[in-house]
Amino acid sequence: MAPNDPLAAYLDRFVPGPAGLVYFDGNSLGRPLRATADRLGDFVEQEWAGRLIRGWDEGWYDLPLTVGDELGRVVLGAAPGQVFVGDSTTVLLYKLARAAVDHQRGRDAARDEIVVDTDNFPTDRYLAEGIAAERGLTVRWVETDPERGIDVEGLSSALSERTALVLLSHVAYRSAWLADVPRLTRLAHEAGALVLWDLSHSAGSVPTELDAWEVDLAAGCTYKYLNGGPGSPAFGYVASRHHERLAQPIQGWMGHADPFLMGPGYTPSPGIRRFLSGTPPILGMLAMLDMLALIDEVGMVAVREKSVALTSYAVELVDEVLAPLGVVLASPRDPQRRGGHVTLRHAAMREVVAALWQRDVIPDYRDPGGLRIGLSPLSTSVTEVDRGFEAVREALVSRPGAASPGSGSAGR
Ligand SMILES: *Cc1c(COP(=O)(O)O)cnc(C)c1O
């Protein structure tokens with residue numbers, strides 16, 4: 001049955017798309033808020049044109065850290081002074097992973113492995129391989145089921161006294177498997193490893209308690225559930241206890257103790273600022289401020305409740321409407337183990353997704369045969385889910401080569 005939506009009134013905060021649009025990709029690029037359109041225009045006229053270079057002293061210089069603190073408070077469960085914004089997620093993951101493995105190796109030269117799971121996001125796997133090649137380390141792969149994700153058993157099998165760093169995703173980009181962060185972090189710590197969590201697919205849809213969970217390091221995207229706009233900069237989290245121990249590899253002037261001294265030699269800033277490298281992308285941080293304000297107003301608990309209601313409803317619709325057509329749910333059924341999207345598997349999904357895009361129904365396609373439905377909680381309505389599923393059903397039955405309904409060929 002269609003769920004009630006106590007947050008429906010917030011749908012109107014977003015800039016509307018074309019009439020009839022069904023947007024199932026807020027987990028790849030969130031929709032803009034109306035407030036953002038105003039904020040960007042005002043910024044150009046008042047701050048950029050009005051203040052020019054003075055803007056740096058009047059707040060821009062500290063924006064990576066002030067926005068970071070706000071992210072920490074509203075969505076991440078991090079006390080001030082541990083979150084920063086800048087670079088892309090890929091670059092931040094690299095910086096943090098490199099800092100972590102170098103530190104671990106310095107303590108104990110035998111710690112020469114990075115543990116990564118085979119279904120982690122491509123960029124995470126590639127950068128781990130790059131760091132391993134660069135530093136003479138080994139990537140220890142955990143084979144994970146692409147319809148589930150990393151669990152205690154999988155991680156335990158890979159940990160040893162050689163583990164330097166564990167690099168995992170909180171929510172798996174394909175299946176939406178929701179990893180048990182506190183449990184897996186504890187497990188890694190018992191083995192003497194540090195953990196770097198990729199929060200790209202959870203930040204803004206699944207609450208985290210990074211401090212309480214004793215996470216070491218984390219990074220994630222702000223253009224997905226945080227609606228920062230295409231290419232908005234990533235965020236990074238480094239627990240305070242690690243600040244003075246870790247040296248990040250891209251040491252630039254913005255992470256220097258006194259950038260405007262412009263002196264010889266690099267002295268890292270105390271605290272979280274040392275993880276910055278170059279001039280921060282100010283324009284790219286503005287839109288996410290509006291989303292953070294909205295999430296603050298609603299509360300992460302209510303956001304997660306709506307997310308669970310939407311994905312549970314999607315699972316119901318798969319069972320009722322699409323399973324009879326041969327579609328298989330490729331995401332966890334247990335909402336406790338599921339993030340903010342749902343993946344449906346069928347051999348024809350590549351062509352189905354192409355047909356849906358033609359009619360302004362926008363999910364995305366992930367191999368093998370996965371149609372991924374992202375249900376960004378604050379911008380997706382229940383009727384949008386209904387219309388989207390009806391469109392998927394129609395695209396499946398009307399594709400060339402599909403058996404006509406009732407022709408008796410079900411189960412092929
Ligand atoms: C989207 C995503 C990224 C993207 O990284 P970029 O550097 O922003 O391109 C990285 N990791 C995960 C898990 C993602 O879902």
Side-chain angles (χ1 to χ4, degrees), residues 27 68 71-72 75-79 82-85 87-101 103-104 114-125 127-128 131 139-140 142 144 149-152 154-156 158-159 163-191 193-222 224-226 234-243 246 248 272 275 300 304 337-340:
N27 59 325
L71 265 162
V75 305
L76 299 175
Q82 302 176 102
V83 181
F84 65 104
V85 175
D87 307 309
S88 69
T89 303
T90 302
V91 171
L92 279 195
L93 287 168
Y94 171 81
K95 285 161 69 167
L96 299 183
R98 254 288 306 263
V101 297
H103 168 68
Q104 288 284 69
I114 307 174
V115 170
V116 189
D117 74 285
T118 49
D119 204 42
N120 207 338
F121 191 80
T123 218
D124 302 59
R125 292 184 276 112
L127 71 90
I131 290 174
V139 177
R140 171 73 49 205
V142 182
T144 40
I150 186 77
D151 58 11
V152 167
L155 181 58
S156 303
L159 291 170
T163 314
L165 177 69
V166 175
L167 168 55
L168 300 172
S169 286
H170 185 198
V171 170
Y173 78 105
R174 270 203 279 221
S175 70
W177 171 264
L178 181 59
D180 187 342
V181 174
R183 188 125 184 251
L184 299 180
T185 299
R186 226 177 302 127
L187 207 60
H189 287 170
E190 282 161 16
L194 294 176
V195 193
L196 169 52
W197 284 102
D198 186 333
L199 307 180
S200 294
H201 258 86
S202 58
S205 92
V206 184
T208 53
E209 291 296 336
L210 298 183
D211 288 347
W213 295 345
E214 298 183 0
V215 165
D216 301 294
L217 306 157
C221 298
T222 65
K224 294 176 174 171
Y225 293 108
L226 293 169
F235 66 85
Y237 165 88
V238 182
S240 305
R241 64 185 178 281
H242 294 307
H243 289 179
L246 298 184
Q248 62 109 338
I272 193 74
F275 297 96
M300 270 309 296
R304 171 65 176 159
R337 289 272 68 85
R338 190 173 65 224

Point to revise | Residue pair Phe84, Leu92: steps toward the side-chain contact (heavy atoms from CB on, under 4.5 Å) verdict | key: CA-CA 10 Å; Phe84 65 104; Leu92 279 195; 3.5 Å; yes
Can you find a heavy atom in the side chain of [X] that is under 4.5 Å from one in the side chain of [Y]?
X: Val195; Y: Leu184; answer: no
X: Val181; Y: Thr208; answer: no
X: Tyr173; Y: Ser200; answer: no
X: Leu178; Y: Arg338; answer: no

Salt bridge (Lys or Arg N to Asp or Glu O under 4.0 Å) with [X]: which residues, sequence neighbours excluded?
X: Lys224; result: none
X: Arg125; result: none
X: Asp117; result: none

Exercise for review: Could you pull out all residues at least two apart from Tyr94 that satisfy ring pair (Phe, Tyr, Trp, His ring centres under 6.0 Å)?
Suggested key: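 Per chain and number, Tyr94 pairs via ring pair (Phe, Tyr, Trp, His ring centres under 6.0 Å) with no residue.
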Exercise for review: Applying ring pair (Phe, Tyr, Trp, His ring centres under 6.0 Å), name anything that partners His170, two or more places apart in sequence or on another chain.
Suggested key: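 Expected list: none.
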For the student: nearest non-hydrogen atoms of [X] and [Y], plus distance:
X: Gly154; Y: Asp151; value: N-OD1, 2.9 Å
X: Asn120; Y: Leu168; value: ND2-CA, 3.6 Å
X: Val171; Y: Ser202; value: CG2-CB, 3.7 Å
X: Ala128; Y: Leu167; value: CB-CD2, 4.4 Å
X: Ala100; Y: Leu194; value: CB-CD1, 4.0 Å
X: Pro207; Y: Trp213; value: O-CH2, 3.9 Å

Review point. After noting the C-alpha distance and the side-chain angles of Leu76 and Leu199, does the key distance pass the side-chain contact (heavy atoms from CB on, under 4.5 Å) rule?
Key: CA-CA 9 Å; Leu76 299 175; Leu199 307 180; 3.8 Å; yes
Let me check something: any side-chain donor-acceptor pairs from residues 235-243 under 3.5 Å, sequence neighbours excluded? List them with distances.
| residue | atom | partner | partner atom | Å |
| --- | --- | --- | --- | --- |
| Tyr237 | OH | Asp211 | OD1 | 2.7 |
| Ser240 | OG | Gln82 | OE1 | 3.2 |
| Arg241 | NH2 | Glu214 | O | 3.0 |
| Arg241 | NH2 | Val215 | O | 3.3 |
| Arg241 | NH2 | Asp216 | OD1 | 3.2 |
| His242 | ND1 | Arg245 | NH1 | 3.1 |
| His242 | NE2 | Asp216 | OD1 | 2.7 |
| His243 | NE2 | Val238 | O | 2.8 |

Point to revise | Approximate separation, where rounding is to 0.5 Å, of Leu93 CG and Asp124 CG | key: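 These two atoms lie 5.0 Å from each other.
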With sequence neighbours left out, write down each residue that passes side-chain hydrogen bond (donor to acceptor under 3.5 Å, both in side chains) with [X], or none if nothing qualifies.
X: Thr222; value: Ser232
X: Thr90; value: Thr123
X: Ser175; value: none

Practice item. Please identify each residue that fulfils side-chain contact (heavy atoms from CB on, under 4.5 Å) with Ala193, with sequence neighbours left out. Key: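 Partners of Ala193 under the side-chain contact (heavy atoms from CB on, under 4.5 Å) test: Thr163, Val166, Ala188.
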Point to revise | Partners passing side-chain contact (heavy atoms from CB on, under 4.5 Å) against Arg140 (at least two apart in sequence or in another chain) | key: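 For Arg140, the residues satisfying side-chain contact (heavy atoms from CB on, under 4.5 Å) (neighbours in sequence not counted) are Glu113, Val115, Ala158.
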Review point. Salt bridge (charged side-chain N to carboxylate O under 4.0 Å, His left out): which pairs involve residues 163-189, sequence neighbours left out?
Key: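 Those involving residues 163-189 are Asp119-Arg174.
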Review point. Passes side-chain contact (heavy atoms from CB on, under 4.5 Å), Arg304 versus Val206? Steps please.
Key: CA-CA 6 Å; Arg304 171 65 176 159; Val206 184; 3.9 Å; yes
Exercise for review: Go through the steps to decide whether Phe275 and Leu246 satisfy the test side-chain contact (heavy atoms from CB on, under 4.5 Å), and finish with yes or no.
Suggested key: CA-CA 9 Å; Phe275 297 96; Leu246 298 184; 4.0 Å; yes
